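Below: one structure, written as structure tokens.
Hydrogens, waters and symmetry mates are skipped; everything else that's a heavy atom, side chains included, is used. Please read all numbers here as calculations on a predicted model, not as lab measurements. Counting from 1, the numbers follow the sequence of the chain as shown.
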Amino acid sequence: MDVVWSGTWVAERLGVELVESGGAGVSGGSAGAGPLRELLGLALRRNPKRAHLLVSNVLGKHVPQHPSVIWRSGYDLGVRVRELLGPDEAARALVLGYAETATGLGHSVADGLALAPYLHSTRRPVPGVERAGGFEESHSHATSHLLLPEDPRLLAGDGALVLVDDEFSTGNTVLNTIRGLHETFPRERYVIVALVDMRAPEDRARLDAFAREIGARVDLIALASGTVRLPADVLDKGQELVARYETAAATVSAPGTGRAPVTRVDLGWPAGVPDGGRHGFTAAHRARLDAALPDMAERVAAALPEEARRVLVLGFEELMYAPLALGVALERRLGGGEAEAGGVGEGAAGVEVRYSTTTRSPVLAVDDPGYAIRTRLVFPAHDDPADGPGPRYAYNVAGGGFDAVVAVVDSVADTEALHAPDGLLAELSAHTGHVLLAVVPSYVPSPTAAPHPSPHAPQDQEPRMLPDPLRGPAFSSYAPEDVGWLLQDLSDVTLEAPTEEREEAIQSGGAHYAESLPVEYQPSPRYQELFRAALDTSAARIAQAVGTVTETVLAERAGGTGRPVLVSLARAGTPVGVLMRRWAEVRRGLDLPHYAVSIVRGRGIDANALRWLAAHHDPADVVFVDGWTGKGAITRELAAAIEEFEAAGGAHGFDPAVAVLADPGSCVRTYGTREDFLIPSACLNSTVSGLISRTVLRADLVGPDDFHGAKFYRELADTDVSGDFVDAIAARFDEVAGAVDVQVKELLATDREPTWEGWAAVERISEEYGIHDVNLVKPGVGETTRVLLRRVPWKILAREGAGADLDHVRLLAEQRGVPVEEVAELPYTCVGLIHPKYTRGATGADGKAVASA
């Protein structure tokens, strides 16, 4: 049967007519007359400047719609812009959206362009952020738009400026914008993007003349086009209708009883990612947000009641994109797959997700199927707006049959007014069974400023926000999704010292080994050939170990609260964490978060990194990852550090167990193998670890609220093999999958409790060779390699018959003049020895020098 068009009521009473481009007018009747009718309904404004309101069905402002339909409408427009500009010019473009209605649409268009940064105008001034521009919107009830980019240079590029609004009616707003910006930041090209182009013929001619006047090319892209025919007395008729129906309008107030409870949901929003485009949003921000969205959707899904079958994600005024992206992710999570525009229904789990936002705009509500705004909730503003208090609105929410509403606001808006008896949450709770509140931290551009506090945030939060994890390509040669480094960048600080000089300072007690860095070893051509040969011969063996340890972790955490969060111990653990993440993605379709943190022998793990992790993930989901075990010193160090962190008031729940690729010392329960063989990442330093140095902990560089530091050796990019190492091993994943399945089943059925055999062997070797200090015995291929690359070694013990696994060790020993002694029945493939009578740099468990004999 025919469905009544949601513009019929206004068209019949006001004489408003939509005219399709090249087609007939649309004034009433049933649906199906054309794209304009599918995209738009009509309502009446309470606005003396314009009587009618074109109500979009794919914007997500007034009409709850499937999130994927809304996002896809903007994304597809962005793809069309990218095709118009070409890939190179699209990457140089800037997308500018209009507040408040088109902030989410503009962001979705920027998604379609893929590489272009995004900025939207705002009506919210931000203390400390200078205005870079502004313009007026003459027909709006709130006219002044501010441009507040974090970096004003964002507006100064020479690429195309892509201006996005929900509708292009007269063109006045766009002309005001271009005219103002062109005087200060002239460009050669502008692209206007809208859902619908409703300009009259004279307005089209005016835009063409304007383009010639400024000497720039102006293109326009829209989903549909047409015009609006208005009778001469439309304003008077409109005001009369509003006055007549206002008293009987479908404004729904919250009753005093029967309200649903409000449950706060911690989204785990990635720190440092802006809440939207108010101050600018880059492609790097987009990648980080995309990576975090599945986890955020999982948190919301877990908080929804089992009986919920119709869920509304409700955004907040200018905060449109963050809740829209969350809604799309939730739709995929509950629907079992990506929903497509125009074909979305209930998901596979029987849960339908819709999306809309609150708004400043006052619109008449009439409960009639031929009218676009059926119901209206009214509540006071709750973000302390600069233009003073006033009512705010949520349309078509009451009576929508929603079993649950997920209200998403930024922290500036998480105020007493939001939680007041007449506030938004109270209004929502009267018309749904469950209300979830998700707060996105308001982005503060100044790097030294704290986020806007929320009076309802947990009171035990730390007073200072820690910075966002560092990511490639700005820090490390790994892709941004591979790893987030919970470190501070000390690349501009001179920290390297010659080996002898460095160790002398340590032995004298004047320095800790983590206060300086060894000079990065630059491998000879012969050594690089050995690395390549070792990688070729061991790739499948390592791939099997990667698969085994990853599948073991997943099996052990199967009953946990969420996906494992991989936290590698920088830097030897980082390549392993990257590979484990890659295995989970390729073989299991899982997108596991991965971070790298610093742990320093004698000083423990970076407590601020633990604090950041606890603020963004459940500590119980964290799995610490390292490359290999020697005698187990770091394993013990981590356990002691976690205990100390908890005793000092830190979050509880971190498991100090470590998952490693190789455990020849039998120090851990979770491992890929217990064989002592060559892991090629041990052959090199930064050039196989994302070009990142060892971590640094020095009082004059690392304050009490700072992450530990490290350097990014950008100058070594020509010799970087970090990506080659990962790719070579990942290429063997399918080949070893069957063997991994067999091995994991065997391991899970085996007693894997650590025996600490390696520690006993080290004690025996220490006494046998007259060293009398286990810290000077470095067992295993990985640790022996470290001795040769970073220390002043005494001798190398090699197991009789050890083959190619020790080729690189023999070469390094030859280059440094270190004897290699073959030993029968050595429990490790090799052991590196440091003698306190010779080495000035020997350090004990406390990180201080061992006294020379």
Side-chain angles (χ1 to χ4, degrees), residues 5-29 33-45 47-59 61 77 80 98 101-102 105 135-141 143 145 162-180 182 190-214 216-239 241 361 363 372:
W5 175 47
S6 61
T8 303
W9 193 94
V10 172
E12 292 177 344
R13 287 164 176 77
L14 207 59
V16 175
E17 186 178 4
L18 301 187
V19 180
E20 302 274 355
S21 288
V26 179
S27 58
L36 285 183
R37 178 174 288 193
E38 295 172 5
L39 291 172
L40 300 173
L42 293 173
L44 294 179
R45 294 172 178 262
N47 186 330
K49 300 177 183 179
R50 183 184 290 184
H52 70 285
L53 176 68
L54 299 177
V55 180
S56 174
N57 294 320
V58 295
L59 180 65
K61 179 53 72 172
L77 285 168
R80 289 173 59 186
Y98 287 90
T101 309
L105 174 64
F135 50 88
E136 297 297 314
E137 186 176 8
S138 57
H139 67 266
S140 174
H141 64 281
T143 61
H145 288 248
V162 181
L163 303 105
V164 184
D165 209 351
D166 57 320
E167 64 176 86
F168 196 41
S169 51
T170 65
N172 289 334
T173 300
V174 171
L175 290 182
N176 288 337
T177 308
I178 296 177
R179 190 182 302 276
H182 195 77
Y190 298 88
V191 181
I192 300 165
V193 178
L195 292 173
V196 291
D197 175 11
M198 304 301 290
R199 290 174 299 157
E202 58 271 22
D203 292 324
R204 296 173 189 270
R206 186 158 56 97
L207 181 63
D208 293 340
F210 175 77
R212 290 191 297 271
E213 174 191 335
I214 65 173
R217 176 176 173 178
V218 180
D219 296 289
L220 189 141
I221 293 176
L223 292 180
S225 61
T227 57
V228 183
R229 290 178 181 167
L230 303 172
D233 56 352
V234 66
L235 283 176
D236 293 338
K237 280 188 175 181
Q239 295 304 308
L241 277 173
S361 179
V363 184

Apply side chain to side chain contact (heavy atoms under 4.5 Å, CB included) to residues Tyr98 and Leu163 and explain how you reach the verdict.
CA-CA 8 Å; Tyr98 287 90; Leu163 303 105; 3.3 Å; yes
Exactly one of Thr177, Leu207, Asp197 should register a side-chain contact (heavy atoms from CB on, under 4.5 Å) with Ile192. Which one does?
Leu207
Single hit among Leu230, Leu44, Leu54 for side-chain contact (heavy atoms from CB on, under 4.5 Å) with Val16
Leu230
Check: Val162 and Val164 side chains under 4.5 Å, non-hydrogen atoms:
yes
For residues Ile178 and Phe210, determine if any side-chain heavy atom of one lies less than 4.5 Å from a side-chain heavy atom of the other.
yes
Are Leu195 and Ser56 packed together at the side-chain level, in the sense that at least one heavy-atom pair is separated by less than 4.5 angstrom?
yes
Within the 4.5 Å heavy-atom criterion, are Val228 and Met198 side-chain neighbours or not?
yes
So, Trp5 side chain and Leu40 main chain: donor-acceptor pair closer than 3.5 Å or not?
yes
Determine the minimum heavy-atom distance between Ser6 and Gly41, stating which atoms define it.
OG-CA, 3.3 Å
Using side chain to side chain contact (heavy atoms under 4.5 Å, CB included), reason through Phe168 and Val174 one step at a time and then give a plain yes or no.
CA-CA 8 Å; Phe168 196 41; Val174 171; 3.5 Å; yes
I'd like to check Arg199 versus Ser169 (side-chain heavy atoms, cut-off strictly below 4.5 Å). Are they in contact?
no
Give a yes or no answer on whether the side chain of Arg80 reaches the backbone of Ala222 with a donor-acceptor pair at less than 3.5 Å.
yes
Evaluate the side-chain proximity of Val55 to Leu42: yes if any heavy-atom separation is below 4.5 Å, no if none is.
no
Closest heavy-atom contact between Gln239 and Arg45?
NE2-O, 4.3 Å
Identify the heavy atoms of Pro35 and Glu20 that sit nearest to each other, and give their distance.
N-OE2, 3.6 Å
Taking all atoms of both residues into account, what is the closest heavy-atom pair of Asn57 and Glu38, and its distance?
ND2-O, 3.0 Å
Does any non-hydrogen side-chain atom of Leu223 lie less than 4.5 Å from one of Leu39?
yes
Report the C-alpha distance between Ile214 and Tyr190 in whole Å, list the side-chain angles of each, state the deciding distance to 0.1 Å, and finish with yes or no for side chain to side chain contact (heavy atoms under 4.5 Å, CB included).
CA-CA 11 Å; Ile214 65 173; Tyr190 298 88; 4.1 Å; yes
Should Arg206 and Leu175 count as side-chain neighbours, where that means a heavy-atom distance under 4.5 Å?
yes
With rounding to the nearest 0.5 Å, note down the distance linking CG in Leu105 to CD in Glu167.
11.5 Å
